[in-house]
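Counting starts at 1 for both ligands and their atoms, in listed order. Index from 1, following the sequence. Just the heavy atoms: all of them, side chains too, but no hydrogens, waters or symmetry mates, feed the values below.
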Amino acid sequence: DKGNHRHFMEKEIHEQPEVISHTLAHYLDFAGGVSRKLDLPFDFAKLDRLAISACGTAFLSGLIGKYWFERLARLPVDIDIASEFRYREMPISPDSAALFVSQSGETADTLASLRYCRKADIPIGAIVNVRESTIARESDVTLPTLAGPEIGVASTKAFTCQLSVLASLAIRAGVARGTISPEKERKLVRELSEAPRYAGQVLRLDRQIEKVARELAHYKHVLYLGRDTNYPLAMEGALKLKEISYIHAEGYAAGELKHGPIALIDEHMPVIVIAPHDRIFEKTVSNMQEVAARGGKIILITDKKGASLSSVETMETIVLPDVPEIIAPIIYALPVQMLAYFTAVFMGTDVDQPRNLAKSVTVE
Ligand code: F6R
């Protein structure tokens with residue numbers, strides 16, 4: 001039932017404050033200010049590496065997870081697209097563990113990668129939304145996302161719930177590995193607890209985002225740029241836009257701009273820049289200057305500080321609330337999803353059932 005929404009995708013975007021809250025509460029004790037103990041088949045303190053593997057949007061949540069595990073827990077992460085992981089014969093350390101991320105829990109390549117790790121005899125965890133799935137069953141521990149059924153083919157709420165689990169796990173790992181003090185843990189847990197409220201605020205930017213989408217629907221090519229955890233989000237934005245609006249889009253690390261994609265920049269290819277004000281914001285501003293100097297049109301997704309400090313003229317600036325760094329990937333996922341959604345609506349595509357795509361990819 002879509003309720004009073006036009007599409008399941010719209011409904012699922014709007015469910016995010018609630019399902020993020022449920023998912024976080026499963027892993028974090030907000031009142032106590034701590035991450036909950038998990039019954040894991042490995043000890044984070046003893047791991048030398050963590051392998052993460054998944055497909056599509058789930059892969060991109062894993063990529064953001066890598067930034068968190070490495071930064072917060074000093075745990076090196078090898079992240080792969082499952083269809084590459086299963087064939088590339090990477091050496092698997094006996095002191096490692098593997099995490100698989102999947103909404104459906106049935107994705108063929110992700111399952112094959114899990115079985116590859118099973119053969120290598122390392123402990124396996126699965127972040128899944130469908131708890132009765134094959135990937136859940138075959139893993140040593142299931143780490144559920146509590147997103148509820150996701151009907152729209154384009155993944156939205158499952159993605160932000162995967163991020164919620166990964167952030168919580170990274171905190172757990174940091175506590176176990178001694179890189180997160182009790183004070184820092186309390187601070188991070190408090191910051192994460194604020195994610196649902198901020199997500200709700202971002203949903204109220206729908207009018208403005210719809211207006212931007214109306215413009216975007218006129219273009220054939222779109223480039224998304226971001227640094228750090230906004231780089232996977234840039235790729236997620238491009239993936240979402242191409243799969244439901246059929247507009248060609250690419251997501252790049254902003255620092256890669258001058259290593260190739262800058263050749264494409266002209267007034268016919270808008271550039272969506274995902275850049276909250278952070279320690280590398282200035283670097284992204286210089287990328288925007290490079291785009292502007294070539295007649296490129298910029299749509300900037302940032303916060304108040306970013307909007308005031310960016311001296312570059314934009315086609316539109318979407319200003320989000322100032323949010324703590326740990327929750328920025330969760331909060332910035334929303335405008336990215338909304339932009340793709342409204343653009344597809346303007347294009348008149350079948351938003352919930354885009355052509356050629358299936359909700360669960362059980363064939364290779
Ligand atoms: C994108 C999308 C796909 C899935 C991918 C993995 O919106 O939905 O890229 O993320 O097919 O699916 P799961 O998570 O079911 O393994």
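- Residue Thr107 holds the heavy atom nearest to atom 16 (O) of ligand 1 of all those in Ile244, Val101, Thr107.
- At a 4.0 Å heavy-atom cut-off, ligand 1 does not touch Glu106 at all.
- Distances below 4.0 Å separate heavy atoms of Ala58 from the following atoms of ligand 1: 10 (O), 14 (O).
- Under a 4.0 angstrom heavy-atom cut-off, Ala154 registers as being in contact with ligand 1.
- For Lys359, no nitrogen or oxygen atom sits less than 3.5 Å from a nitrogen or oxygen atom of ligand 1, counting backbone and side chain alike.
- Arg227 and Asp278 are not joined by a salt bridge, as no carboxylate oxygen comes within less than 4.0 angstrom of a charged side-chain nitrogen.
- Here atom 7 (O) of ligand 1 lies nearest to Glu243 when heavy atoms of Glu243, Gln162, Glu236, Met9 are compared.
- Contacts of Val153 with ligand 1, taken as heavy-atom pairs under 4.0 Å, involve the backbone alone.
- Of the protein's heavy atoms, Ser104 OG, 2.7 Å lies nearest to atom 15 (O) of ligand 1.
- Gln103 N, 2.6 Å is the protein heavy atom nearest to atom 14 (O) of ligand 1.
- Inter-residue side-chain proximity for Tyr246 and Met347 is flagged as unmet; no heavy-atom pair is nearer than 4.5 Å.
- Shortest contact from atom 6 (C) of ligand 1 to any protein heavy atom: Cys55 O, 3.3 Å.
- Contact check on Lys11 versus Glu15 returns a salt bridge, with a Lys/Arg side-chain nitrogen under 4.0 Å from an Asp/Glu carboxylate oxygen.
- Of the charged side-chain nitrogens involved, at least one lies within less than 4.0 Å of a carboxylate oxygen, so that Lys258 and Glu290 count as a salt-bridged pair.
- In this structure, a donor-acceptor pair under 3.5 Å is present between the side chains of Thr57 and Glu236.
- The main-chain N or O of Ala158 is never found under 3.5 Å from a side-chain atom of Glu12 such that the two would form a donor-acceptor pair.
- In this structure, the protein non-hydrogen atom closest to atom 11 (O) of ligand 1 is Val361 CG2, 4.0 Å.
- One finds a salt bridge joining Lys359 and Glu150 here, because a Lys/Arg side-chain nitrogen approaches an Asp/Glu carboxylate oxygen to under 4.0 Å.
- Among protein heavy atoms, the minimum distance from atom 3 (C) of ligand 1 is reached at Thr57 N, 4.1 Å.
- Under the 3.5 Å distance criterion, with hydrogens and angles disregarded, a donor-acceptor pair is assigned to the side chains of Thr145 and Asn129.
- When each atom of ligand 1 is checked for a heavy atom of Lys240 under 4.0 Å away, the hits are 1 (C), 7 (O).
- Between Leu28 and Ser193 there is no side-chain heavy-atom pair separated by less than 4.5 Å.
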